[in-house]
Amino acid sequence: MEYAFKDIEKKWQQFWKTHHTYKTEEVEGKPKYFVLDMFPYPSGAGLHVGHPLGYIASDIYSRYKKLCGFNVLHPMGFDSFGLPAEQYAIQTGQHPTKTTQENIARYKEQLNKLGFNYDWSREVQTSDPSYYRWTQWIFLQLFNSWYNPKTNRAEPIDSLVDQFKLEGRSSHGAEPLTGDIEEEQESFTAEDWNRFSDSVKQEILMPYRLAYLGEAFVNWCPALGTVLANDEVVNGYSERGAHPVERKLLKQWSLRITAYAQRLLDDLAVLDWSESIKETQKNWIGRSEGASVFFVTENGGKTLEVFTTRPDTIFGVSYLAMAPEHNLIQELTTEAQKADVEEYVYRSKNRSERERMADVSSVSGVFTGAYVKHPLTQNLIPVWVADYVLVGYGTGVVMAVPAHDERDFKFATHFEIPFLSVIDGGSKNQDAKLPWTEKDGTLVNSGPLNGLMVKEGISAAISLFESNGCGKKRINFRLRDAVFGRQRYWGEPIPIYYDGSIPKPLPVSALPLTLPEIDTYLPTEQGDPPLGRAENWKFESHCTYELSTMPGWAGSSWYFIRYVDPENKEAFVDQEKINYWKNVDLYVGGAEHATGHLLYARFWTKFLYDLGLIPFNEPFEKMINQGMILGRSSLIHRVKGENTFVSKGKLEGLDTSSMHVDISMVNADVLDVEAFKKWRPEYADATFVFEDSGAFLCDYEVEKMSKSKYNVQTPDELVERYGADTLRMYEMFLGPIEQSKPWDTQGITGVHSFLKRFWKLFHLSGRFEVKEDDPTQDNLRTLHKTIRKITEDFERFSFNTGVSTFMICVNELMDQQCNNRQILEPLIVLLSPYAPHITEELWCKVGNPEGSLAQTKWPKFNPEFLVETSHDYPISFNGKMRFKLKAELSLSKEELLQKVLAHPETDKWLEGKNPKNVIIVPGKIVNVVL
RNA sequence: GCGGAUGUGGUGAAAUUGGUAGACACGCUAGACUUAGGAUCUAGUGCCGAGAGGUGUGCGGGUUCGAGUCCCUCCAUCCGCACCA
């Protein structure tokens with residue numbers, strides 16, 4: 001009887017749907033397990049074989065956890081706001097909702113064909129107003145909160161207002177604004193506060209809010225007509241579309257993720273994530289310890305704050321350098337230098353980011369004519385503008401110590417600025433040329449710091465600054481606040497309206513603020529975002545709304561929470577439900593979101609936790625990053641300048657070039673020449689040089705899947721040909737889940753014939769039959785060996801060895817001609833996470849109620865069946881295995897030794913010598929040392 | 001430059017605690033069957049060698065009775081960050 005996978009898979013997919021087999025509900029007292037797949041963006045191209053790799057793994061794992069008695073939450077949904085749908089809308093005039101819905105339908109169809117056990121009743125879509133209402137609600141919570149550095153958590157802004165009412169604000173720097181660049185804040189008393197008008201109060205509060213409107217240098221992408229967050233810019237180009245990006249000073253909505261920098265860094269330690277992602281996040285957060293030093297201008301008018309990690313070198317400062325974008329440059333520059341400075345600033349600002357980065361070696365800068373006083377010696381120090389100083393890091397001003405910094409050294413040498421060495425590197429420094437950049441040596445030429453080692457010098461310098469009031473210890477982060485406004489249409493409207501010029505939050509009762517209909521999805525003539533086109537789109541019919549929308553990562557920062565309670569109309573999530581499901585136990589997805597989504601989701605989680613809205617502080621406990629599946633392209637060789645194609649083996653002596661051909665015309669590297677001739681008209685009368693065998697062989701190359709390389713393999717055609725169970729197992733069989741690997745369909749037949757053999761075990765006589773007799777010891781050993789191994793492989797997420805184990809098991813049972821119910825029934829359960837359709841079918845056939853497989857229990861491993869009484873000892877001489885010797889495990893070491901020495905092969909390998917030593921590891925090996 | 005990951009047959013890979021390297025599968029070779037299917041079954045297949053045997057996990061060294069696995073040096077590939085003060 002044939003393994004009719006098509007009928008079987010169709011039947012069970014239909015069954016699961018109509019019987020809601022995978023619907024999940026909270027069950028008091030039953031342990032929960034939350035498995036999450038990364039939120040897909042439903043692109044128009046549909047899925048290729050690389051996408052489902054992670055989905056298959058998480059599906060297999062959640063089915064396993066269910067069988068182990070866990071209440072498993074395994075939802076799916078769509079991150080449906082985003083640029084491609086909007087770009088398509090601009091081109092075609094179609095509303096993005098329409099294309100988005102079509103794409104989602106296609107995705108769901110493809111996913112369902114693979115037999116995933118998603119609870120679709122929990123599906124969420126970020127572009128659905130019933131969802132983004134709560135994204136907007138969270139934005140309002142951010143707007144209405146500040147980060148209290150004393151309690152080290154977010155609090156309602158009211159607690160800050162109360163503080164101002166009682167104490168006013170003292171003026172020591174900008175303590176409350178944690179993380180990002182600190183700005184001098186003016187002091188006021190409690191009385192002042194109470195006298196301030198609403199607009200003044202709002203202006204004071206704005207920079208404290210975790211969602212705030214502030215002026216900052218942002219990444220402006222003219223081609224996309226919007227600002228972008230740092231993680232959306234790669235090497236000066238937009239991540240989506242690869243358009244150039246420039247820095248621009250703009251008023252923008254931002255989220256104060258920097259307030260969480262330290263916690264985001266610290267809590268990485270407890271996460272079960274890959275080292276590389278943790279490392280990437282650490283780099284991105286970029287914590288460095290050092291000091292702020294204040295340099296006052298010659299005339300005492302202005303203070304420049306500098307961040308340094310080497311306060312010990314303070315006596316070696318020979319100039320200050322400011323970023324060309326720094327806003328004090330104009331004020332500092334003297335008349336005489338004005339023209340030069342303006343020219344330089346203009347030039348650097350107009351150099352693209354990319355140019356500036358590519359050109360690291362050349363030195364450029366200009367003197368402002370201004371001097372600042374050294375805070376300790378009062379010596380005058382020149383202030384320069386230099387484009388090696390970045391406006392986005394630290395304060396945008398550097399204290400240059402040429403003797404002990406590579407870049408400062410280059411700069412000072414180039415402009416002939418005199419400098420002083422303040423560290424004696426000791427013997428190591430004897431022949432070493434400057435700069436001496438090691439954090440090692442003794443301080444010299446440094447007044448009170450003389451004689452200290454670098455490490456001591458750092459803390460001594462900080463104490464010195466603090467007692468002189470010219471500096472303080474400071475921890476600096478590379479992480480910047482996240483720009484949150486996008487001048488685009490297809491995103492969540494930001495729930496803010498303007499009362500005159502004061503931005504105010506919408507009342508919760510006004511949510512959701514839905515996207516208005518507009519005539520075309522382009523900016524207005526005045527340069528306003530597309531939402532500016534909406535007619536009569538006003539709050540309470542007279543206040544204008546904010547025209548920016550939220551970025552793509554807004555909805556994906558909390559979607560996992562909504563899965564817990566997707567229909568809730570009263571709250572973003574029900575407290576009881578979130579207390580039951582808590583955070584995600586296993587998150588499966590690509591590693592490409594390390595600095596974007598994964599950081600933002602952690603940030604929002606910590607924020608919601610601070611407000612007491614969720615009971616956990618990290619969203620994703622364990623994460624697995626599936627590797628990329630690479631395409632296997634087929635290439636054929638063509639004689640240069642001729643319409644002649646040459647098979648791989650006949651290339652010698654010919655001048656050829658290679659070209660990609662569509663992989664659908666190639667099977668096992670053999671080209672279907674007739675299909676190729678029909679591919680393009682110009683190939684119809686081409687000549688071909690074949691192998692002697694008569695076949696035409698192609699070359700291959702492993703590279704990313706892409707349309708232009710004709711190497712895209714969709715799951716659909718493989719499901720059609722081999723079935724979903726085969727595809728699921730084959731994708732797992734390819735190798736470890738985290739590894740990137742080439743896609744090669746040749747191997748899929750091995751997995752497919754495994755499933756056929758498995759099916760055949762139940763049809764040994766040609767028709768369905770399972771025996772009720774007692775199984776043999778061999779049968780039982782095979783089964784229990786398999787139970788143990790499969791269970792172990794699950795625990796370490798080793799799905800490829802899992803598939804091998806099933807193959808070995810079926811090979812053995814086939815040899816044993818075993819079709820006993822007591823063996824096959826547990827085997828069905830073991831295989832069911834991997835191949836859910838064939839196992840449902842067989843589960844029924846052996847006499848179980850339809851659909852009860854999902855309710856059954858994971859088979860129990862019984863070690864008794866694996867007890868061995870003898871062992872086939874490998875006998876090694878000097879570590880090399882020479883022969884095997886079967887021996888009873890009950891033998892003592894001494895008896896075993898005698899047995900080895902008595903063995904005829906032993907003499908040959910002893911070569912007449914006496915063994916120096918014999919290592920005997922009972923149950924493992926014997927090693928004779930000569 | 002800094003950090004991370006990975007290097008094992010013709011190919012994808014396995015070896016979980018230092019104990020028989022290459023399981024399992026593809027491919028290939030030979031054979032069987034046949035209603036010729038992209039089917040099924042049997043045997044073989046790391047490399048060198050006729051064989052005995054030698055040799056073999058990126059290179060070189062070390063620890064050990066024993067190293068793919070532990071330590072050191074170097075090399076290659078991929079990924080992240082990068083004028084970060």
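Residue numbers begin at 1 in each chain, while the letters A, B, ... track the order of the sequences.
Classified by its glycosidic torsion, B/G54 falls in the anti category, the angle being over 90° from 0.
You'll find that the side chain of A/Ile919 is closest to B/C65, out of B/U20, B/C65, B/G12. The side chain of A/Asp387 has B/C83 as its nearest neighbour among B/A15, B/U16, B/C83. The nucleotide whose nearest atom lies closest to any side-chain atom of A/Ile808 is, among B/A85, B/G38, B/A23, B/A23.
Checked against the 6.0 Å centroid criterion, the rings of A/Tyr3 and A/Phe762 do not qualify as a close aromatic pair. Note: A/Phe409 and A/Phe419 meet the aromatic proximity criterion, with ring centroids under 6.0 Å apart.
As rounded to the nearest Å, B/G9 and B/G27 have C1' atoms that lie 12 Å from one another. Here the separation of B/G51 from B/C70, taken at their C1' atoms, is 39 Å to the nearest Å. Separating the P atom of B/G68 from that of B/A21 is a span of 8 Å, rounded to the nearest Å.
Nucleic acid contact class of A/Gln739 (heavy atoms, under 4.0 Å, all strands): sugar-phosphate only. A/Asn811 comes within contact range of the sugar-phosphate backbone alone, with a heavy-atom separation under 4.0 Å but no base atom that close. Residue A/Ser804 is classed as a base contact, given a heavy-atom separation below 4.0 Å to a base. Here A/Arg882 lies in heavy-atom contact (under 4.0 Å) with sugar-phosphate atoms only. Within 4.0 Å of A/Asn800, counting heavy atoms only, lie sugar-phosphate atoms of the nucleic acid but no base atom.
At most 12 heavy atoms of other shown residues, nucleotides or ligands fall within 6.0 angstrom of atom CD in A/Glu406.
At a threshold of 4.0 Å, the pair A/Glu720-A/Lys6 counts as salt-bridged, since one of the basic side-chain nitrogens sits closer than that to a carboxylate oxygen.
Inspection of the A/Gln816 and A/Thr782 side chains reveals an N or O donor paired with an N or O acceptor under 3.5 Å.
At a cut-off of 3.5 angstrom, counting only N and O atoms as typed in the model, there is a donor on one side and an acceptor on the other between the side-chain of A/Asn927 and the base of B/C65. Not a single donor-acceptor pair, N or O on each side, falls under 3.5 Å between the base of B/U20 and the side chain of A/Lys924. In this model, a side-chain donor or acceptor of A/Lys789 finds a partner on the base of B/U16 within 3.5 Å.
Heavy-atom nearest nucleotides on RNA chain B were determined for A/Glu275 and for A/Gly879, and the one closer to the 5' end corresponds to A/Glu275.
At B/A85, none of the side-chain N or O atoms of A/Arg478 fall inside 4.0 Å of OP1 or OP2 (strictly under the cut-off).
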Are there any protein N/O atoms within less than 3.5 Å of an N/O atom in nucleotides 40-49 of chain B, and if so, which ones and at what distance?
unit_1: B/C41; atom_1: OP1; unit_2: A/Arg757; atom_2: NH1; d: 3.0

